[in-house]
S.K.: 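Sharing a structure here in structure tokens format.
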Amino acid sequence: MTQEIRVRFAPSPTGKLHIGNARTAILNWLFARHSGGKLILRIEDTDLERSSRESEEGIYRDLKWLGMNWDEGPDVGGKFGPYRQMDRTQIYQKYENKLLANGQAYHCFCTPDELNEMREKALAAGNTDAWYDCRHRNLTEKEKQDFLAEGRKPVVRLKYPDEDIMFTDIVKGELTFPAGSTGDFVIVRSDGTPTYNFVCVIDDGLMKMSHVIRGDDHLSNTPKQIAVYKALGWTPPKFAHIPMILGDDRTRLSKRHGATSVKGYADDGFLPRALVNFMSLLSWSSPSGDEILSVERLIEEYDFSRVSKSPAVFNVEKLEWMNGTYIRALDIAELTDLCLPYLQSAGYRLPERAVLEQIVSLVQENLERLKDSIEKLEFVFAEKVRPATPEAVQMIEKESTQKVFWSFLRQVEKVEKLDFAQFRKIMKTVSVETGVMGKDLWMPVRVALTGQIHGPELPKVVDIFGKKRCKKLIKSALNLNN
RNA sequence: GGCCCCUUCGUCUAGUGGUUAGGACUCAGGACUUUCAUUCCUGCAACAGGGGUUCGAGCCCCCUAGGGGUCACCA
């Protein structure tokens, strides 16, 4: 009988969901879905100072926004709960007592001063790894009583085995951590709260994790955790340590590198599917060589054997390109829905739905982020149109422009309605009448109507603006000229 | 500093002993077009360095250099 695949994402609710954590979450999720296993969400809220329910809610929101779901967790329950570490304190205590009882762990009464001294001594000797000298490993009952009488509060340390710790990592391969590179580390603080490397193992063990998939910044924690598994008499799960995501200066991605929270990217108008697609491609590639990959394909194809061992720089430019291709693939109703909040936030007076869709479709090919719709569509909602750049002014001031505008106005009067086709026809007539062609013909009209030198296809713009508005704008551009 | 991990175009990557070292993003040029964009085409650009092993190394081994991570009563 093969073991059920169970993986977990275990964030600490101390702020916004970070891109790096989001990637870890997604990889766990893809793996769970690929293998028909379960994804467990566990909240590591033991840092009382920094943890908050708000952050926890934010994490749920962001994970869901990315399109993820999970099978067990604080919000959905499950038979291996509770799923918040603060609700599991009795469980940790039980195992603390167990390790204390069977001699795998012991009380250490060292004071901060004593510890510092040890640390400095070790540092002077050029080795800061196993700096703790294990001096309280074998305290007599009498010694313990004396320390207690002094009012010292002990921590609990694990007896770290004096042997090489080896394991096979799914992405990194065979790994060896030599004996002596880690000392007896604290598993329970003097205030009685357990530390990360302890609770993590208890939870992963009790929650029956088959694989631990996480960032490779946890690589050096792994031997410690394996030591805990051994002390507990448990079999460790399989480990897959994924390379980190780096900023453009090749250091670990952090706030310094700009937007690093999922929420930040969401607010800028990145599509969740683009973000998921992009993140999956950091340190991984599809065997097909394709890069635009649906979630379905990612679930199908994602495989840790194709994860490279080296970290990847988070390249926003490529993300933007990819987001653009996803935006272009949207149907117009969907895109309009997505742009709506941005246009509203800009304070634009929005027309009826059908027209709005037409407006949005003006810039669909131009958007890299939904947020860009605000700027790209500004001319549609602007109260007044003014040549926005020196070049635009130049176009308006061109000698031939007068002729073009007058001719245009005459032609416009002849038609009932100024739509896409009529406009094209009129421009042709204007060209014939004035002898002006190409750029000199179209640019002034564009500037008159939009103030810009670049923009969407003019006939489409005119189609939306209509006869009245176009007439007005051309006239006012004419005044400008005089 | 100790320990661990990593090293192909600027960036993301393909590559598992014999390739003109391929693709993508960016950038440049061109085609299309009334502009921008889209689309298509072309181009620039890489095996960190040094030793081995081998008839032959981006691929295997060693060393050096560089980068990252971690060394907490944070997670």
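Every chain is numbered from 1, with letters handed out A, B, ... down the list of sequences.
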S.K.: Regarding A:D203 and A:R42, does a basic nitrogen lie under 4.0 Å from an acidic carboxylate oxygen?
M.R.: yes
S.K.: By nearest heavy atom, map A:H454 and A:N197 onto RNA chain B; which one lands nearer the 5' end?
M.R.: A:H454
S.K.: Would you mind pulling out the nucleotide paired to B:rC71, Watson-Crick or G-U wobble, both distances under 3.5 Å?
M.R.: B:rG1
S.K.: Quick one: A:D164 CG to B:rG2 P, roughly how many Å, whole number?
M.R.: 18 Å
S.K.: Starting from P on B:rU33, measure out to CE on A:M437 and report it in whole angstrom.
M.R.: 15 Å
S.K.: Using the side-chain heavy atoms of A:D47, tell me which of these nucleotides is nearest: B:rU70, B:rC12, B:rA75.
M.R.: B:rA75
S.K.: Ignoring the backbone of A:E365, work out which of B:rC6, B:rU38, B:rU70 is nearest its side chain.
M.R.: B:rU38
S.K.: Using both distances under 3.5 Å as the test, list the Watson-Crick or G-U wobble partner of B:rU7, or none.
M.R.: B:rA65
S.K.: Counting Watson-Crick and G-U wobble pairs only, both distances under 3.5 Å, name the nucleotide matched with B:rA28, or none.
M.R.: B:rU42
S.K.: Using whole Å, report how far OH of A:Y160 lies from P of B:rC3.
M.R.: 14 Å
S.K.: Could you tell me the separation between the CG atom of A:D204 and the C1' atom of B:rA75, rounded to a whole number of Å?
M.R.: 13 Å
S.K.: Please evaluate the base of B:rC73 for a donor-acceptor partner in the side chain of A:S190 within a cut-off of under 3.5 Å?
M.R.: yes
S.K.: Ignoring the backbone of A:K318, work out which of B:rU34, B:rC12, B:rC73 is nearest its side chain.
M.R.: B:rC12
S.K.: Test A:F278 against every option in A:F270, A:W321, A:F314, A:W284 by the ring pair (Phe, Tyr, Trp, His ring centres under 6.0 Å) rule and name the one that passes.
M.R.: A:F314
S.K.: Parallel, tilted or perpendicular for A:F109 and A:H136, by the 30°/60° rule?
M.R.: tilted
S.K.: Please compare A:G455 and A:E317 by the position of their nearest nucleotide in RNA chain B and report the one closer to 5'.
M.R.: A:E317
S.K.: On a whole-Å scale, what distance lies between the C1' atoms belonging to B:rA24 and B:rC44?
M.R.: 16 Å
S.K.: Indicate yes or no: does A:E300 engage A:R297 in a salt bridge with an N to O separation below 4.0 Å.
M.R.: no
S.K.: Indicate whether A:W321 forms a stack on B:rC25; treat it as stacked only if centroid distance is below 5.5 angstrom and interplanar angle below 30 degrees.
M.R.: no
